[in-house]
Asks: 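After the structure tokens below, expect a handful of questions from me.
Nothing fancy with the numbering, it's 1 onward along the sequence.
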Amino acid sequence: GYTISGLFINRTGDSEVGLFGVIGSGGSIEDVAMTDVQVTGNAEVGGLVGRFKGDTISDASAAGNVTSTNTGIARTGGLVGVFSGTEITDSSADVYVRAPDGKQIGGLVGQVIRNPTGSTYEATLVVRSSATGEVHGSDRVGGLVGQLQNKGQITDSTATGYVNGSENIGALVGYSYGNVSYSTAMGDANGTKYVGGLVGYMDRGGPDPVIVGSTASGNVDGTDYVGGVLGGTGSPGGGSAPIQIEDTTATGAVTGENY
């Protein structure tokens, strides 16, 4: 594989910022390790890739610091800002991710999304991957993925870092339309509204809102809608898919006021 150390990027006014700003259709990345990265951008910021629109990322890692200055939809992650490819496998991030006023912030990926093909959705997978760094944002903040949507699936993956924000905060996923299976969150989650030990908020407008075979062991602290596994659920944009939670446990302390 390849190791790249000491990458420094400071482009506070730009989007699609990382070692690679954009990877387009058909592109893949494998066997790349990033160490001591210091990457700052506006939106779609990642230690490895700002925006990935290709096929797969495998055996890739990043360690260091990633920062977004965006005060809206920042889409920032330790490894990838926005992933709309097919699959991330066996990849990791040990990154302090910081976007104090930003949305869709994740320890590994800020936003996982797959555009629909015709009237159907193709699955986008995050498999056997992990994130260990702290994650700080405002809304839709997750230890592994900030926002998981369009039939996104996370399986056999782990997040261990502390997660802090305001709304839709999860130790694994901040805001989910998708499927979480056989995954683990060990970090603490702190927020105000919709705070969960695994997932902050599950949207019933997604085609497959499921949590199965997963565990949460961190402490959860919030005010409204706080849960050891899931903070809350609903369908702000419409939709009535049933939420399924099976064979899933939480062991950490849960603290809240209205929950």
Side-chain angles (χ1 to χ4, degrees), residues 46 52 56-62 75-95 97 104-114 121-133 135 137 140-161 163 168-187 189 194 196-218 227-231 233 241 243-250:
F52 187 91
T56 63
I57 296 176
S58 61
D59 295 296
S61 65
R75 295 173 177 163
T76 294
L79 190 70
V80 182
V82 180
F83 183 83
S84 57
T86 302
E87 188 173 75
I88 298 176
T89 59
D90 301 307
S91 296
S92 65
D94 182 6
V95 177
V97 182
Q104 300 180 19
I105 314 301
L108 187 75
V109 184
Q111 182 191 43
V112 173
I113 181 172
R114 184 72 170 178
Y121 289 88
E122 296 181 25
T124 299
L125 309 179
V126 178
V127 182
R128 297 186 304 276
S129 296
S130 64
T132 58
V135 186
R140 306 187 183 204
V141 185
L144 190 74
V145 174
Q147 180 160 307
L148 177 70
Q149 66 183 76
N150 287 9
K151 209 171 182 179
Q153 298 178 24
I154 295 172
T155 187
D156 294 321
S157 296
T158 304
T160 63
V163 181
N168 304 307
I169 310 301
L172 190 75
V173 182
Y175 194 103
S176 178
Y177 295 83
N179 183 312
V180 175
S181 61
Y182 309 105
S183 295
T184 301
M186 293 183 278
Y194 299 122
L198 273 171
V199 178
Y201 189 91
M202 291 197 76
D203 195 315
R204 297 177 64 197
D208 193 23
V210 173
I211 301 174
V212 62
S214 298
T215 60
S217 59
V229 171
L230 175 63
T233 182
I243 299 294
Q244 300 178 48
I245 301 177
E246 301 175 0
D247 300 322
T248 294
T249 60

Asks: For residues Val229 and Ala250, report the shortest heavy-atom separation together with the two atoms involved.
Replies: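 The pair with the smallest heavy-atom distance is CG2-CB, 3.8 Å.
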Asks: To the nearest 0.5 Å, what is the distance between CZ (Arg75) and CD1 (Ile113)?
Replies: 6.5 Å
Asks: Of all heavy-atom pairs between Gly107 and Ala93, which one has the smallest distance, and what is that distance?
Replies: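 Reported closest heavy-atom pair: O-CB, 3.4 Å.
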Asks: Does the side chain to side chain contact (heavy atoms under 4.5 Å, CB included) test come out yes or no for Thr89 and Thr56, once each step is laid out?
Replies: CA-CA 8 Å; Thr89 59; Thr56 63; over 6 Å; no
Asks: Taking all atoms of both residues into account, what is the closest heavy-atom pair of Gly170 and Ala189, and its distance?
Replies: C-CB, 4.5 Å
Asks: What is the distance from atom CG of Leu172 to atom CG of Leu144, rounded to the nearest 0.5 Å?
Replies: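 Rounded to the nearest 0.5 Å, the CG-CG separation comes out at 5.0 Å.
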Asks: Hey, could you give me the CD1/CG distance between Ile211 and Leu230, rounded to the nearest 0.5 Å?
Replies: 5.0 Å
Asks: Looking at Gly213 and Thr248, what are the two nearest heavy atoms and their distance?
Replies: N-OG1, 3.4 Å
Asks: Not counting sequence neighbours, which residues clear ring-ring contact (aromatic ring centres under 6.0 Å, His included) with Tyr177? List them please.
Replies: Tyr175
Asks: Would you check if the side chain of Ser214 reaches a backbone N or O of Tyr182 as a donor-acceptor pair within less than 3.5 Å?
Replies: yes
Asks: Between Arg128 and Asp90 (salt bridge meaning N to carboxylate O under 4.0 Å), is one present in this structure?
Replies: yes
Asks: Measure the spacing between CG of Asp156 and OG of Ser130 and express it to the nearest 0.5 Å.
Replies: 12.0 Å
Asks: So Gln244 and Val212, do their side chains get closer than 4.5 Å, heavy atoms only?
Replies: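 Answer no - side chains too far apart.
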Asks: Side-chain contact test, heavy atoms from C-beta onward, threshold under 4.5 Å: evaluate it for Phe83 versus Val126 and give yes or no.
Replies: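 SC-SC contact between Phe83 and Val126 ruled out.
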Asks: Rounded to the nearest 0.5 Å, what separation is found between the CD1 atom of Ile154 and the CG atom of Leu198?
Replies: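 So the CD1 of Ile154 and the CG of Leu198 are separated by 10.0 Å.
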Asks: Working to the nearest 0.5 angstrom, can you tell me the gap between Arg140 CZ and Ile105 CD1?
Replies: 11.5 Å
Asks: Classify the side-chain pair Ser181/Thr155 by whether it contains a donor and acceptor separated by less than 3.5 Å.
Replies: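 Distance-only check passes for Ser181 and Thr155.
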Asks: Minimum heavy-atom separation for Gly78 and Ala62, please, with both atom names.
Replies: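 Heavy-atom minimum between the residues: O-CB, 3.7 Å.
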Asks: Just by distance, do the side chain of Thr184 and the backbone of Ser157 share a donor-acceptor pair under 3.5 Å?
Replies: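 No; judged by distance alone, with no hydrogens or angles, the pair does not exist.
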Asks: List the atom of Ala159, the atom of Ala171, and the distance in Å for their closest heavy-atom pair.
Replies: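 Smallest interatomic distance, heavy atoms only, reads CB-O, 3.4 Å.
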Asks: Whether the side chain of Thr160 engages the backbone of Met186 through a donor-acceptor N/O pair (distance < 3.5 Å, no angle test) should be reported.
Replies: no
Asks: Assess whether side chain to side chain contact (heavy atoms under 4.5 Å, CB included) is satisfied between Val112 and Ile88, documenting all intermediate values.
Replies: CA-CA 10 Å; Val112 173; Ile88 298 176; 5.6 Å; no
Asks: Of Leu125, Leu148, Val127, which is the lone residue that meets side-chain contact (heavy atoms from CB on, under 4.5 Å) with Gln153?
Replies: Leu125
